[in-house]
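Hydrogens, waters and symmetry mates are skipped; everything else that's a heavy atom, side chains included, is used. In the text below, chain A, chain B and the rest are named by the order of the sequence lines, each starting its count at 1.
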Protein chains: 2
Amino acid sequence: MAESSGVTPISTVQRLSVYLRTIKRAKESGKKFISSEEIAAINGYTPAQVRKDFSCFGSFGIKGKGYNIDKLIKALEEILGLSERWRVALVGLGRLGKALAKYKGFHLSKFDIVAIFDIDPEKIGTKYNNIPIYSPKKLAQIAKRKKIEIAVVAVPANSAEEAVMNVVKAGIRGIISFSEVRINLPEGFILRNVNLTAEMETVSFYLTHPDWMCRGWF
Amino acid sequence: MAESSGVTPISTVQRLSVYLRTIKRAKESGKKFISSEEIAAINGYTPAQVRKDFSCFGSFGIKGKGYNIDKLIKALEEILGLSERWRVALVGLGRLGKALAKYKGFHLSKFDIVAIFDIDPEKIGTKYNNIPIYSPKKLAQIAKRKKIEIAVVAVPANSAEEAVMNVVKAGIRGIISFSEVRINLPEGFILRNVNLTAEMETVSFYLTHPDWMCRGWF
DNA sequence: AGTTGTGAATCTGTTCACAGCC
DNA sequence: GGCTGTGAACAGATTCACAACT
């Protein structure tokens, strides 16, 4: 039951997030138990992979029976750090920022955008979707006051690096950036890039080289 | 110089996309040659990784000198399938869809959105950002007529699977979905998921378990 | 009988280290 | 001398296969 001493691959973490969604859907359909076989089948993974992923964090199943869905959801939420809600800053209120500010998925998951930062003087001091908008100069101050721990950076590519560095300076340790930013972070910080262009170009690559395409699930 | 017979990992493809951007920036600053050492340093990879990634596709460098930037850009664009522009359908014109429709990155790269599909009868028949909006029922017809090969699916999570299956039925082989969709695709099709929730939860995980965080670059 | 949990085996991707070339 | 290109060594992730348990 104790957490494994081994290291957890980041791919395991991302799969846990996918499993969690899968299992929540299974719960909605009234199921009480689910097997690694079923979880795997829904997502195109192998049952061994699912069990191995879980085993990094303990043993949650009953041999011969499977996993109690309620317990498993609770365990996965705890592992992923979703027992409490997170307070999030949105940096950049352009078109993408506005879409994110109103994105229901944040709220349905455990993330609340509690402050928006934008350089536009017209926006500063007003609200969007009932969330106050501040100057990026106030990042550190507001982050501290509102206990913000995660920033979503949705600014144009040419200012993304500066924006991320500001966020780091403000002491916000978790960062998601929508423009590829690669910087050397202080310890205890994590930066994830959502790189649409890289995804588009990956698709372009495989359409151009169909012979190299993996078969089956994605 | 011939393409390697070995298989290219998808992570190599994604890094090539990052290298390409790096190298284009280097070109802007007037450089003519660049070494694997430099490309690696900018992105936090190892020089060996950069050379190995290139070597999947041939040898583009000059020993003792590095890579000619112009030639390398051309080679990478060809590898990634970016020699010609791609014709893209946008499926779903909600807030995210609108942000994508106006996203300059598509145009700056080699992707042109030439058709939008949305179920809203008010929108069908009109244009957005000068791009015509059609009913999803016309996907196959328009895809064929406009020679669309890539679809960007930006619909609510609960209709994402249906939307992706429609796109597949329409014969569009490259798909990017903004809600996690995991289906068994026919051969020759590729689906990439941009899963914001998984990224948020990955950040949540590492903030909750700072001891498991990798050090250094992301 | 059925399913978990996990060490061992396998497979995949990364890094090393150096021969080869400019 | 310096940097590429690459086989060999290594590290990391996945799958296998089976003992343990209900």
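- Side-chain proximity of Thr46(B) to dT6(D), dT14(D), dT15(C): nearest is dT15(C).
- Residue-to-nucleotide proximity on DNA chain D shows that, of Phe54(B) and Lys52(A), the 5′-proximal contact is made by Phe54(B).
- The residues Glu149(B) and Lys147(B) are annotated as not salt-bridged, no charged nitrogen and carboxylate oxygen being separated by less than 4.0 angstrom.
- Side chains of Tyr19(B) and Asn43(B): no donor on one and acceptor on the other come within 3.5 Å.
- A donor-acceptor pair shorter than 3.5 Å can be found between the side chains of Arg51(A) and Ser36(A).
- Atom pair Arg15(B):CZ and dT12(C):P shows a separation of 16 Å (rounding to whole Å applied).
- Across the protein-nucleic acid pair, Tyr19(A) atom OH and dT4(C) atom P stand 12 Å apart, rounded to whole Å.
- Along DNA chain D, the nucleotide nearest Ile62(A) and the nucleotide nearest Asp53(A) are compared for position; the residue whose nucleotide lies closer to the 5' end is Asp53(A).
- For a distance-only test at 3.5 Å, the side chain of Lys63(B) fails to qualify as a donor-acceptor partner of the base of dG1(D).
- Between Arg51(B) and dG5(D), a side-chain N or O to OP1/OP2 separation shorter than 4.0 Å is absent.
- When heavy atoms are screened at a 4.0 angstrom cut-off, Tyr67(B) is found touching the sugar-phosphate backbone but no base atom.
- No contact: Thr12(A) has no heavy atom under 4.0 Å from any strand.
- Between Glu84(B) and Lys110(B) there is no side-chain heavy-atom pair separated by less than 4.5 Å.
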